[in-house]
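Input: a single structure, listed below in structure tokens.
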Amino acid sequence: MNIFEKTYSLLAVAYALALVAGIILFPELRQLHRLLPASLIGFALNIGLMFIVLRDIFLRHFSDQSAKFLWLGMVLIIWPSIIYYLVRHGFKPRS
């Protein structure tokens, strides 16, 4: 991943966590006229994040081919696994 992709990934994850915290802590954010724009921004950011992470999975060389498919499945099914993938593989240079 290059610097832009790393920065975008961190900002997208931070926005998602801040949105969840904001919904829990601020009741006025639960109203539709505030929740809808905030959720649409988060949706757009996460589409970009998914593109970056899936591209990195496909371009990265894993020692076992099944590991690539495992990461692909985990990232597509369980969103928080993106955070673990970024820490474990995403922020390290591809070999």
Side-chain angles (χ1 to χ4, degrees):
M1 295 179 116
N2 60 29
I3 298 295
F4 171 75
E5 292 171 337
K6 290 177 185 178
T7 305
Y8 187 91
S9 300
L10 288 175
L11 291 176
V13 169
Y15 185 84
L17 295 175
L19 182 61
V20 170
I23 290 170
I24 292 171
L25 297 175
F26 302 112
E28 62 271 5
L29 191 56
R30 297 177 200 152
Q31 297 174 359
L32 187 62
H33 68 280
R34 292 198 176 135
L35 182 61
L36 191 60
S39 297
L40 288 175
I41 292 169
F43 181 70
L45 285 173
N46 279 300
I47 286 175
L49 176 64
M50 289 296 288
F51 175 77
I52 289 171
V53 171
L54 291 175
R55 181 179 167 270
D56 188 68
I57 290 172
F58 283 119
L59 294 178
R60 187 171 298 276
H61 176 69
F62 291 97
S63 59
D64 185 17
Q65 186 68 18
S66 64
K68 182 179 284 194
F69 294 119
L70 178 67
W71 278 114
L72 183 65
M74 291 290 292
V75 164
L76 289 174
I77 294 172
I78 305 170
W79 186 87
S81 65
I82 290 177
I83 298 169
Y84 184 69
Y85 175 81
L86 289 173
V87 172
R88 177 148 178 144
H89 297 289
F91 293 145
K92 295 178 183 170
R94 291 184 209 114
S95 57

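Keep in mind that the numbers below use all heavy atoms, side chains included, and drop hydrogens, waters and symmetry copies.
For the residue pair S9 and L86, the shortest heavy atom distance occurs at CB-CD1, 3.8 Å. Pairing each heavy atom of E5 with each of I52, the nearest pair is CB-CG2, 3.9 Å. Here the closest non-hydrogen pair linking L49 and Y8 is N-CE2, 3.5 Å. Nearest heavy atoms, K68 versus F58: NZ-O, 3.3 Å. Closest approach of K6 and M1 over heavy atoms only: CE-O, 3.4 Å.
Atom CG of L54 is separated from atom CD1 of I82 by 7.5 Å, given to the nearest 0.5 angstrom. Considering CD1 of I57 and CZ of F69, their distance stands at 11.0 Å, rounded to 0.5 Å. Between L40 atom CG and L45 atom CG the span is 11.0 Å, to the nearest 0.5 Å. Rounding to the nearest 0.5 Å places CE of M50 at 15.0 Å from CZ of R55.
Under the 4.5 Å side-chain heavy-atom criterion for ILVMFWY residues, a single connected hydrophobic cluster contains both V53 and F91. By the rule that hydrophobic residues join a cluster once side-chain heavy atoms approach within less than 4.5 Å of another member, F4 and Y85 end up as members of one cluster.
Sorted by first then second residue, the side-chain hydrogen bond (donor to acceptor under 3.5 Å, both in side chains) pairs that include residues 17-28, not counting sequence neighbours, number zero. For residues 35-48, the pairs satisfying side-chain hydrogen bond (donor to acceptor under 3.5 Å, both in side chains) are N46-W79, with sequence neighbours left out.
A 4.5 Å side-chain heavy-atom check between F51 and I47 finds every atom pair outside the cut-off.
By the ring-ring contact (aromatic ring centres under 6.0 Å, His included) test, Y84 is found to be paired with W71, residues two or more places apart in sequence or in another chain being considered. Listed by chain and number, the residues in a side-chain contact (heavy atoms from CB on, under 4.5 Å) with L17 are V13 (sequence neighbours excluded).
Using bins of under 30°, 30° to 60° and over 60° for the plane-to-plane angle, the ring pair F62/H89 lands in the perpendicular bin.
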For residues 30-38, tabulate all N or O donor-acceptor pairs below 3.5 Å that involve a side-chain atom, not counting sequence neighbours.
| unit_1 | atom_1 | unit_2 | atom_2 | d |
| --- | --- | --- | --- | --- |
| R30 | NE | I23 | O | 2.8 |
| R30 | NH2 | I23 | O | 3.2 |
| R30 | NH2 | I24 | O | 2.9 |

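Other members of the cluster containing I78 are L70, M74, I77, with ILVMFWY side chains joined at under 4.5 Å, either directly or via other members.
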